[in-house]
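Notes for the one structure printed next.
In what follows, every chain begins at residue 1, and chains take the letters A, B, ... in the order their sequences are listed. Everything quoted here is computed from the prediction, not taken from an experiment.
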Amino acid sequence: MIGTSIPRVGGFERVSGSQQYTADIRLDNALHVKLVSLSCARARIQAIHTADAAAAPGVRAVFTASECPHPMPRFGPVRADRPLLAIFETKFSGEPICVVAADTEDQAASAASLVRVEFEERAPVLDVKSALDPASALVQDPALRPNDPLAHTNILQEWQFGWGSVEQASADLIIEHDYSFPMVTHFAIEPHAFLAAPDANGVTVWSPTQHPYVLQRVVAATLGLPLSSVRIIAPDSGGGFGGKGWPKFEPLLAWLALALGRPVRLVLSLEEAFQAARRTSAHIHARTGFTRNGRIVFQDIRADFLLGAYADIGGRVVSKASYAACGPYRTPHARVLARALLSHTTPSTAFRGFGTPQASWAVESQLNEAAAALGIDPVEIRRRNVPAKGESFIPDDTPADGEWATALERASTAIGWDTKRPAHHGRGISIGLKSSSTASRSVAIVRLHFDGSATVLCGTSDMGQGARTVLTQIAAQELGLAAERIAIVMGDTAVVPYDSSTSASRSTVFMGNAVIRACESITTQLNTIAAAHSVREDAPRGDLLNVHFGPTRGEIIGIGEAGSAFEPSHPLGGRAAFWELMCAACEVRVDPETGAVSLLRLVLVSDVGKALNPRQVETQDEGAAVMGMGHTLMEQLILGADGRILNLGSLDYRIPSIKDIPASFESILIENGDGPGPYGSKGAGEGGTLAVAAAIGAAINEAAGVHLRELPLTPERIWRAMRETERNS
Amino acid sequence: MTITLVVNGTARTLDTPAHRTLLHVLRDDLNLTGTKECCAEGECGACTVLLNGRAVNACLVLGVECDGEDVRTIEGLGAGGRLDPLQNAFAESGAVQCGFCIPGMIVAARYLLSTNPNPSEEEVKEGLAGNLCRCAGYSRIISAVVRAAKA
């Protein structure tokens with residue numbers, strides 16, 4: 001069972017069309033909701049004329065900030081900064097200023113177009129430079145940040161991490177450059193959809209959220225309700241990637257449902273989904289000192305991450321990524337200065353990799369450049385700096401917990417690193433490292449039924465990574481049951497116990513361990529029963545339960561919990577539960593005439609401890625790598641001067657299609673059983689987004705004779721750089 | 001307008017305004033929610049259905065254009081209570097992750113195989129070029145189609 005690629009639980013429903021995503025759910029008597037927003041990013045609202053919309057056929061409500069409670073409820077997972085509807089000023093293109101509820105979707109859309117807004121555009125803050133300029137407007141009202149010395153700036157938060165003394169360190173070679181990582185959007189194929197309905201206990205909200213319990217506490221806090229009054233039902237999502245992690249429009253809908261006393265339904269268009277969530281973009285200035293043998297002496301990094309108009313989880317993205325920005329390397333001296341900056345753009349949120357793809361792009365590129373300058377092979381320079389298993393590389397944090405050098409060897413061998421490169425070809429290699437969760441908690445309940453079958457209840461969400469399948473496998477293994485005799489229930493806070501989140505690649509480890517402990521509790525109870533009835537422990541379970549319960553029947557319930565304690569003195573609240581590491585190697589060809597890139601070969605090596613379902617791990621790695629290809633070669637949100645997204649939607653925002661994947665694509669798993677999860681497993685699924693950019697970037701730089709440091713590496717950028725190189729030579 | 005269309009082998013008659021797309025007729029009027037809505041502009045392929053046996057983006061076809069026509073959706077691909085070989089191949093090959101792109105992907109693949117029963121990998125890529133997936137690396141989808149073609 002463990003280590004077997006059993007078919008995906010829920011696979012049948014997905015191939016037959018019967019899987020119910022949130023937009024497929026029908027509630028009787030539901031009103032359809034449409035949001036009204038302005039196209040420009042920042043505008044002073046002078047008046048909103050809703051009378052025509054309110055009089056339109058089928059319309060039941062047209063609400064603006066005036067109809068919301070006073071003071072306006074604000075929400076957010078860390079800072080409650082975001083209003084249900086914009087009050088005096090819009091802060092990002094697509095921020096809702098009015099909500100229309102009508103009997104049908106068509107009626108809501110028609111009515112929404114009748115809402116007239118008088119507004120005055122203001123100059124928006126759209127980039128790092130402008131955010132830092134003291135002459136620029138403040139994105140957020142300083143009154144929302146009392147006692148915050150940064151309240152009169154657009155710096156939401158800043159951090160300094162490091163050790164040793166960068167100032168006193170002396171190096172034979174210093175590489176210093178600026179790198180940038182663009183704004184990109186999750187583009188899950190399922191745009192966000194939400195439902196909310198009043199019920200006997202309070203309110204139920206349906207959302208394809210990755211973290212039902214986070215959503216529960218945020219909705220409850222926003223509306224002033226006890227947790228017991230808020231039920232979150234989280235249907236499996238059609239792709240999350242972080243974009244469905246943190247509350248977006250659920251608090252608004254929950255309030256609306258209670259205000260109207262009826263169910264309400266909102267399905268975002270793809271364009272609205274683009275406006276709702278994005279990755280945090282970054283400008284990173286990296287200064288790295290090396291000995292002439294290629295050993296890192298110091299890393300001196302200044303990272304400016306551009307958040308959107310509201311904090312969302314952006315602060316955490318910056319702190320986590322910056323803390324470990326030096327990567328999987330021995331770094332005797334380190335200094336990382338990081339800032340999270342507000343702007344009048346889509347609120348940035350979690351996105352697979354959680355800040356590390358941005359940092360990796362810079363740090364790995366630095367290593368490649370040092371290799372070239374010192375005449376050391378890029379694989380070799382990494383070999384000289386990668387810590388051994390058990391070795392500390394960030395003081396007072398979890399040491400290297402894998403044979404990381406092995407990943408490097410496997411990747412370089414698989415790509416044929418030392419073989420001759422044809423003309424216009426290049427190869428690149430890169431290691432990405434990310435910490436898993438720090439402090440967190442997962443609880444699982446397992447119910448052993450009277451006939452010996454079982455049901456697992458857990459709050460993990462399955463957004464395609466296959467959580468249902470893996471947790472079923474674990475329960476099957478522990479209870480000695482066939483997978484067909486196990487049901488798994490997820491995604492309903494009224495039914496499943498508490499789970500912190502499905503994030504940071506943590507669920508196999510923590511929810512998996514919780515399930516194991518719940519099963520152990522059942523086994524212990526069964527052994528006690530066997531002793532009490534003088535029945536052999538290995539007697540058929542059905543007989544045991546029958547003898548114990550008799551004609552009244554019954555069930556055995558096991559509860560298990562797993563997590564990491566909060567450490568108040570740690571800058572991130574706790575050490576890394578484990579490290580997620582991927583090494584990517586690739587070969588590309590760059591057309592010398594056009595700059596077009598053909599990704600010929602991609603090899604991914606992940607250090608996973610134990611692959612409980614190998615096929616699921618491999619497919620997650622491949623998906624992450626293709627997503628990494630996207631931000632490396634083609635994806636970027638392009639903003640107009642007024643802050644609106646110019647390439648809104650699928651025609652103008654390019655994600656990899658089936659024609660873009662490498663001709664040769666290999667996914668290798670290293671399994672040393674050295675993870676803290678079930679059977680020695682670690683987590684996986686984000687690695688591909690960490691390592692791919694620098695590997696492809698290095699390969700392009702080699703193939704084309706250029707040095708590109710700004711993503712994405714579009715054919716145009718490559719072509720211009722090639723022509724520049726020619727002019728200079 | 002009143003229209004009658006054959007959907008998954010059954011004649012359905014309904015009233016619909018002329019501007020409604022086949023996608024909305026299927027999902028909202030006929031409660032066939034297997035076909036998905038994503039980009040609404042014919043780029044992502046999530047809404048792929050067969051119209052008179054040819055793959056189309058249901059978001060770009062009006063319901064009224066289908067009066068008297070034959071429509072087949074993901075729900076109607078199998079026969080006699082059994083899944084289409086493509087559906088089995090997708091489920092067994094690791095091609096399915098979140099699943100949202102899968103109905104459109106399978107229908108597009110069904111059309112490809114109906115015109116090209118033994119496609120090469122390159123031909124599969126061409127045939128599915130109009131279907132976006134954000135979860136997978138696409139490679140398992142390709143091998144699922146090749147596998148189904150041999151079944």
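Test B:Leu132, B:Leu128, B:Asn131 against A:Ser657 for side chain to side chain contact (heavy atoms under 4.5 Å, CB included) and you get one pass: B:Leu132. Of the residues listed (B:Ile106, B:Ile74, B:Val96), the one engaging A:Arg14 in a side chain to side chain contact (heavy atoms under 4.5 Å, CB included) is B:Val96, and it is the only one. Remark: of the listed residues B:Asp84, B:Ile102, B:Leu83, B:Leu83 is the sole one forming a side chain to side chain contact (heavy atoms under 4.5 Å, CB included) with A:Ser16.
The salt bridge (charged side-chain N to carboxylate O under 4.0 Å, His left out) pairs that include a residue from residues 4-13 of chain A number zero, where partners must be two or more places apart or lie in different chains. For residues 21-46 of chain B, the salt bridge (charged side-chain N to carboxylate O under 4.0 Å, His left out) pairs, not counting sequence neighbours, are A:Asp24-B:Arg27, A:Asp24-B:Lys36, A:Arg26-B:Asp28, B:Arg20-B:Asp28, B:Arg20-B:Asp29.
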Exercise. Can you list the steps and then say if B:His24 with A:Asp106 is a side chain to side chain donor-acceptor pair (under 3.5 Å)?
Worked result: CA-CA 11 Å; B:His24 289 152; A:Asp106 277 352; 5.8 Å; no
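For chain B, no part of A:Asp462 is nearby; none of its heavy atoms comes within less than 4.5 Å. In this structure, the portion of A:Phe665 lying under 4.5 Å from any heavy atom of chain B is its side chain and not its backbone. If you measure heavy-atom distances from A:Val626 to chain B, the contacts under 4.5 Å come from the side chain alone. Heavy atoms of A:Gln616 lying under 4.5 Å from chain B are absent altogether. When heavy atoms are compared at a cutoff of 4.5 Å, B:Glu75 approaches chain A by way of both its backbone and its side chain. Neither the backbone nor the side chain of A:Ala273 comes within contact range of chain B, judged by heavy atoms closer than 4.5 Å. Residue A:Glu190 touches chain B through both its backbone and its side chain, counting heavy-atom pairs closer than 4.5 Å.
B:Cys38 contributes atom SG, which lies 5.0 Å from atom CD1 of A:Ile189 (distance to the nearest 0.5 angstrom). Expressed to the nearest 0.5 Å, how far OH of A:Tyr653 lies from SG of B:Cys39 amounts to 15.0 Å.
Taking the side chain as every heavy atom from C-beta outward, B:Phe100 and A:Ser237 never approach each other to under 4.5 Å. Two residues are said to be in side-chain contact when any heavy atoms from C-beta on lie closer than 4.5 Å; A:Phe241 and B:Cys98 fail this criterion. Residues A:Glu622 and B:Arg140 have side chains in contact (heavy-atom distance under 4.5 Å, counting atoms from C-beta outward).
Taking A:Gly630, A:Ser18, A:Pro191 one by one and counting their heavy-atom pairs under 4.5 Å with chain B, the maximum is reached by A:Pro191. Note on A:Arg352, A:Glu105, A:Gln620: by heavy-atom pairs under 4.5 Å with chain B, the leading option is A:Gln620. With chain B as the partner, the residue from A:Arg615, A:Met627, A:Glu618 showing the most heavy-atom pairs under 4.5 Å is A:Arg615. Contact count against chain B (heavy-atom pairs under 4.5 Å) is highest for A:Ile658 among A:Leu270, A:Ile661, A:Leu268, A:Ile658.
Taking every heavy atom of both residues into account, A:Tyr21 and B:Gly99 meet most closely at OH-C, 3.1 Å.
Looking at B:Arg134 and A:Glu635, a side-chain N of the basic residue comes within less than 4.0 Å of a carboxylate O on the acidic one, giving a salt bridge.
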